[in-house]
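Proteins come first, then strands; the chains are lettered A, B, ... in the order of their sequence lines, and each starts at number 1. Not measured: the values here are computed from a predicted model.
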Protein chains: 2
Amino acid sequence: MSKEKSQKIPEVTIRRLSAYHRCLVRAREEGMKVISSSTLAKNCGVNAAQVRKDLAYFGKFGIRGMGYYVDGLFTDIKRILGIDRVWNMALFGAGNLGTALLFYKDFLKQNYHMVAAFDIDPEKLQKGAIGGVPIYHPDKLPEITHREKIDIAIIATPVSKAQGVADQVVQAGIRGILNFAPTRLSVPDNVVVKDVFFTNILDNLVYLLTASR
Amino acid sequence: MSKEKSQKIPEVTIRRLSAYHRCLVRAREEGMKVISSSTLAKNCGVNAAQVRKDLAYFGKFGIRGMGYYVDGLFTDIKRILGIDRVWNMALFGAGNLGTALLFYKDFLKQNYHMVAAFDIDPEKLQKGAIGGVPIYHPDKLPEITHREKIDIAIIATPVSKAQGVADQVVQAGIRGILNFAPTRLSVPDNVVVKDVFFTNILDNLVYLLTASR
DNA sequence: TAGATTGTTAATCGATTAACAATC
DNA sequence: TAGATTGTTAATCGATTAACAATC
């Protein structure tokens, strides 16, 4: 049973849903058939009422007195998040980080497919592919985007190139960007950007170490 | 002027402080001498009152009618975050992602020094170093931790090895962990862990694309 | 039925922001 | 002095959690 209520869903709820999903993968591997909100909460380090509240935004998934069917909840959360299908991704910038991402195995496990890489380095273009992913010159972006049905761009270029690439990506009709270049990208309202800034995360870690608790 | 009030500082405030810091780096490069809370806010995509509130947790840094000295605020934020010194890091797991991190240039720019890498692969140990960073067998962890004064462990091993490595790291006296292995680590209360889970971030992106706004 | 756990309400807690006196 | 912008208060908004009736 699921009625997606039209209501503002907090961003943190979505992040936690993703964490619950990860826990459920584990629970399935361990052969659990049913899980309670309190067990799920403990495994994810959150409050049990919060688990139930988060799920309540999207419907009723449990059985009173019993808990949640692991398989059922797993499927429902996938559907809620939109990860019950394949998402095609293209990498921009096949440097060290980019290359590592081309080889990254966890993407595939979760239905995230890396279908193309773009770089301007003639040597890399010469190779044709890295980690089994074909490399193209950015000139080919519009063509490849269409042919490979690219949904998401991963930007791993130097900062100096990132905004330009973002502009081209948006121009080609891609609406999702995962940005590793440590700079804020400006994009139209209908495009979604998620930043992964390693040094900001380290700053956060260091603050907690310095404030020492 | 700065009196660190003993008050609970929200985690989001620290994250924003890190973003302000990034903006100030840029402002300095552009030769700006003074910046107002509204300009800083606009550059970081937040509310101007929020910038002032965030700073107010730590003291008074501005001049009424004028704004903030770019250099002064830059220095103050570095001090608040604890990034006004060098932090030594060690990498665990020199696979694709790990190797990319060994070559990652932005760490150095921000006083994050990668001083050692640990791996069990004989071939890698044979090489002695990757990206200028010496590689050791984990057996040497206690010795190297002490000698190189390692503050932070970066875990980039497979999930199956991550908890074991975390245990060794904690045992060696390291109190900060940046974890790339997609699994929750259990550590003592006095140890700080920050997770970087690529697929969770993609899940989040995908939800927003699916919910389409 | 007795025991357990959900779904949901209401209370609490915390973060954001508008507004403005203070002051450069 | 007039104009500008801070630092801070108070109002608003939103998220977390305790509590419990509903119900398996």
Side-chain angles (χ1 to χ4, degrees), chain A residues 1-20 23-24 27 32-74 76-77 80 204 207, chain B residues 1-20 23-24 27 32-70 72-74 76-77 80 204:
Chain A
M1 214 3 9
S2 85
K3 54 167 185 339
E4 242 89 328
K5 292 166 209 157
S6 60
Q7 183 186 165
K8 181 87 182 40
I9 316 284
E11 174 113 3
V12 275
T13 287
I14 301 305
R15 273 211 290 275
R16 282 191 299 259
L17 244 32
S18 186
Y20 303 156
C23 275
L24 291 169
M32 289 177 70
K33 292 301 174 207
V34 168
I35 194 166
S36 68
S37 61
S38 58
T39 303
L40 191 50
K42 186 141 50 63
N43 293 349
C44 296
V46 303
N47 180 290
Q50 187 149 73
V51 170
R52 299 197 297 273
K53 192 92 210 283
D54 285 337
L55 293 172
Y57 284 111
F58 300 96
K60 303 180 186 190
F61 305 99
I63 297 160
R64 288 173 195 231
M66 188 172 98
Y68 303 84
Y69 284 113
V70 170
D71 269 347
L73 189 58
F74 175 75
D76 284 326
I77 289 181
I80 292 166
N204 210 188
Y207 171 80
Chain B
M1 204 26 348
S2 84
K3 55 170 188 334
E4 244 88 328
K5 292 167 208 157
S6 61
Q7 184 186 164
K8 180 85 182 42
I9 316 283
E11 173 113 3
V12 275
T13 287
I14 300 305
R15 274 209 289 275
R16 282 191 299 260
L17 243 32
S18 186
Y20 304 156
C23 276
L24 291 170
M32 290 179 68
K33 292 300 174 207
V34 168
I35 195 166
S36 67
S37 61
S38 57
T39 302
L40 190 52
K42 185 140 51 61
N43 293 349
C44 297
V46 303
N47 180 289
Q50 187 147 75
V51 170
R52 299 197 298 273
K53 192 88 211 286
D54 285 338
L55 293 172
Y57 283 110
F58 301 95
K60 305 182 184 188
F61 305 99
I63 298 161
R64 288 171 197 235
M66 187 172 98
Y68 303 84
Y69 284 113
V70 171
L73 190 57
F74 175 75
D76 284 327
I77 290 183
I80 292 167
N204 210 187

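- With rounding to the nearest 0.5 angstrom, the OH atom of Y207(A) is 9.5 Å from the CD atom of E11(B).
- At a non-hydrogen distance threshold of 4.0 Å, S36(B), S37(B) from residues 32-39 of chain B come into contact with DNA chain D.
- Rounded to an integer number of Å, the gap from L40(A) CG to dG7(C) C1' is 16 Å.
- Residues that satisfy the side-chain contact (heavy atoms from CB on, under 4.5 Å) test with Y69(B), not counting sequence neighbours, are V34(B), I63(B), M66(B).
- Residues meeting the side-chain hydrogen bond (donor to acceptor under 3.5 Å, both in side chains) test with Y20(B), sequence neighbours left out: D54(B).
- You'll find the side chain of L24(B) stays beyond 4.5 Å of the side chain of Y68(B), heavy atoms only.
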Which atoms of nucleotides 10-15 of chain C (N or O only) lie under 3.5 Å from a protein N or O atom, and what are those distances?
none

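- Distance check, rounded to the nearest 0.5 Å: NZ of K53(B) to OG1 of T13(B) gives 8.0 Å.
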Dot-bracket pairing map - DNA chain C, Watson-Crick plus G-U, both contacts under 3.5 Å, | cross-strand:
..||||||||||||||||||||||
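- Rounded to whole Å, atom P of dG7(C) lies 12 Å from atom CG of D54(A).
- Atom-to-atom distance recorded for L40(A):CG and M32(A):CE is 8.5 Å, nearest 0.5 angstrom.
- Scanning both residues, L55(A) and F61(A), for their nearest heavy atoms gives O-CE1, 3.4 Å.
- Qualifying side-chain contact (heavy atoms from CB on, under 4.5 Å) partners for A48(A), counting only residues two or more places apart in sequence or in other chains: S37(A), S38(A), A41(A), R52(A).
- Residues forming a side-chain contact (heavy atoms from CB on, under 4.5 Å) with N47(B) (at least two apart in sequence, or on another chain): A49(B), Q50(B).
- Among D76(A), I77(A), L17(A), the single residue meeting the side chain to side chain contact (heavy atoms under 4.5 Å, CB included) criterion with F58(A) is L17(A).
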Under-3.5 Å N/O pairs linking protein and nucleotides 20-24 of chain C:
{"unit_1": "dA22(C)", "atom_1": "N3", "unit_2": "R64(B)", "atom_2": "NH1", "d": "2.8"}
{"unit_1": "dC24(C)", "atom_1": "O4'", "unit_2": "R64(B)", "atom_2": "O", "d": "3.1"}
{"unit_1": "dC24(C)", "atom_1": "O2", "unit_2": "R64(B)", "atom_2": "O", "d": "3.4"}

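- Within the structure, no pair that satisfies the salt bridge (charged side-chain N to carboxylate O under 4.0 Å, His left out) test touches residues 35-48 of chain A, not counting sequence neighbours.
- In this structure, L73(A) atom CG and dT5(C) atom P are separated by 16 Å, rounded to whole Å.
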